[in-house]
2 protein chains.
Amino acid sequence: MSHSMARDLDLVFAALADPTRRRILAMLLEDDMAVTDVAAPFEMSLAAVSKHLAILAGAGLISQDKRGRLKWCQLEPDALREAAIWMQGFGQIEPINLDAFERFLEAEFGTGEDARQGG
Amino acid sequence: MSHSMARDLDLVFAALADPTRRRILAMLLEDDMAVTDVAAPFEMSLAAVSKHLAILAGAGLISQDKRGRLKWCQLEPDALREAAIWMQGFGQIEPINLDAFERFLEAEFGTGEDARQGG
DNA sequence: ACGTTATTCAACCCCGGGGTTAAGTATGTC
DNA sequence: GACATACTTAACCCCGGGGTTGAATAACGT
C-alpha cells in the first residue's frame with residue numbers, strides 16, 4: 001500500500017478484465033511457471049502472452065523471477081486482496097467460498113482440468 | 001448467471017477499472033441517485049457521466065429505473081459478488097471487513113465525505 | 001403550444017489495448 | 001565462437017475507451 005491506491009485498483013481491475021489474463025492467473029494458482037509454458041495452451045504468439053504477463057506484473061498480480069534464462073511467474077495474491085476488499089464493501093460477500101470458486105473456474109475454462117492439470 | 005460468465009467478468013472488471021466509475025459506485029452505496037446528481041461532483045460533461053453509467057449498467061453493477069424524466073441509478077451488488085467470488089479463490093480473502101472498506105473509500109476519495117455526504 | 005429540465009445520441013478527437021511479425025537481447029550448450 | 005533457447009522490444013494494424021460539443025428525444029410546467 002505504498003503510493004496511489006486508486007491507481008493500483010485501476011491496474012488490478014484492468015488486468016482482470018481480460019479472459020486470457022484471468023486464465024493465466026488460474027494456471028499460476030496451480031504452480032509457478034516459466035513464460036513459454038504459460039504461453040503453451042494459448043493460440044496466440046509468445047509476444048502477446050509476454051505482454052499479458054507484463055500487465056499482470058505491472059498490476060502486482062504476479063511476480064517474475066528470472067533464474068537463468070527462464071523467467072518464473074508466480075501468483076501474488078496481495079494485489080487481489082486489495083481489490084477484493086474494495087468489492088466486499090459493496091457486495092457483502094460471504095466468507096470465503098472455495099466451492100463457488102471451483103465452479104467459476106469450470107464455467108470459465110471448461111472442466112477446469114486445463115487450468116488445474118494436477119487435479 | 002445467464003449466458004457467458006467469462007463475458008460477464010470481462011464487463012464487470014472493465015467497469016471497475018475506471019476511478020470515476022468506482023467513485024460513482026461509492027456514491028450509489030449511499031443512496032439511489034438520478035443521473036444529473038451523479039454527474040454533479042465530476043468535472044466532466046453530463047454526457048461523459050451518462051456513458052459511464054451505461055457501462056456500469058451494461059456490467060450489471062447498477063440498474064437504471066426511469067421514473068418520470070429522472071433516471072434513478074441503483075447499486076446492484078450481485079454482479080460484484082460474482083467477481084468477488086472469482087477473486088476470493090486467489091486471495092484467500094478474509095470474511096467481510098467493513099473497516100478496511102471504509103479506509104479504502106477514504107484513501108480513494110479523500111476523507112470519504114465526498115462519496116458519503118451523509119456521514 | 002412553448003419553453004425548460006433530464007438524458008441520450010452522434011460525430012469527432014486522441015490515445016492506448018490486444019494482436020501480429022520481425023528483430024533484438026540474454027542465457028545456456030557444443 | 002557459433003548455434004539454439006527463452007524472452008522482450010519495436011513497428012505496425014485495427015478497434016474501442018474516455019472525453020468533447022451539439023443536436024435530438026422525453027417528460028414536466030404554464
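Below, read A as the first sequence line, B as the second, and so on, with proteins coming before strands; counting in each chain starts at 1.
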message: Once salt bridge (charged side-chain N to carboxylate O under 4.0 Å, His left out) is applied, what residue pairs with a partner in residues 59-74 of chain B remain, sequence neighbours excluded?
response: B:D65-B:R67
query: Near DNA chain D, which residues from residues 58-72 of chain A have a heavy atom under 4.0 Å away?
result: A:R69, A:L70, A:K71
query: Who are the side chain to side chain contact (heavy atoms under 4.5 Å, CB included) partners of B:A14, not counting sequence neighbours?
result: A:A17
Distance in angstrom units between B:L46 CG and D:dT25 C1', rounded: 14 Å
field: Listed partners of B:D78 passing side-chain hydrogen bond (donor to acceptor under 3.5 Å, both in side chains), at least two apart
entry: B:R81
Partners meeting side chain to side chain contact (heavy atoms under 4.5 Å, CB included) with A:T20 (sequence neighbours left out): A:D18, A:I24, A:F42, A:M44, A:H52
- prompt: Any donor and acceptor pair, going by atom type alone, linking the side chain of A:R21 with main-chain N or O of A:L16 inside 3.5 Å?
  reply: no
query: When we call it a touch if two heavy atoms are under 4.0 Å apart, what does B:S45 touch: a base, just sugar-phosphate, or nothing?
result: base
statement: When rounded to whole Å, the CD1 to P distance for the pair A:I55 and D:dT8 reads 13 Å
field: Pair listing, salt bridge (charged side-chain N to carboxylate O under 4.0 Å, His left out) test, anchored in residues 34-54 of chain A, at least two apart
entry: none
- prompt: Can you give the first and last nucleotides of DNA chain C, 5' to 3', that have an atom under 4.0 Å from a heavy atom of chain A?
  reply: C:dG18 to C:dG28
message: Run the side chain to side chain contact (heavy atoms under 4.5 Å, CB included) test against B:A57 and tell me which residues pass, sequence neighbours left out.
response: B:I62, B:Q64
query: Quick one: hydrophobic cluster around A:W72, which other residues, with the 4.5 Å side-chain cut-off, linked directly or via members?
result: A:L70
- prompt: Which part of the nucleic acid, if any, lies within contact of A:A47, taking any heavy atom under 4.0 Å across all strands shown: a base, the sugar-phosphate backbone alone, or nothing?
  reply: base
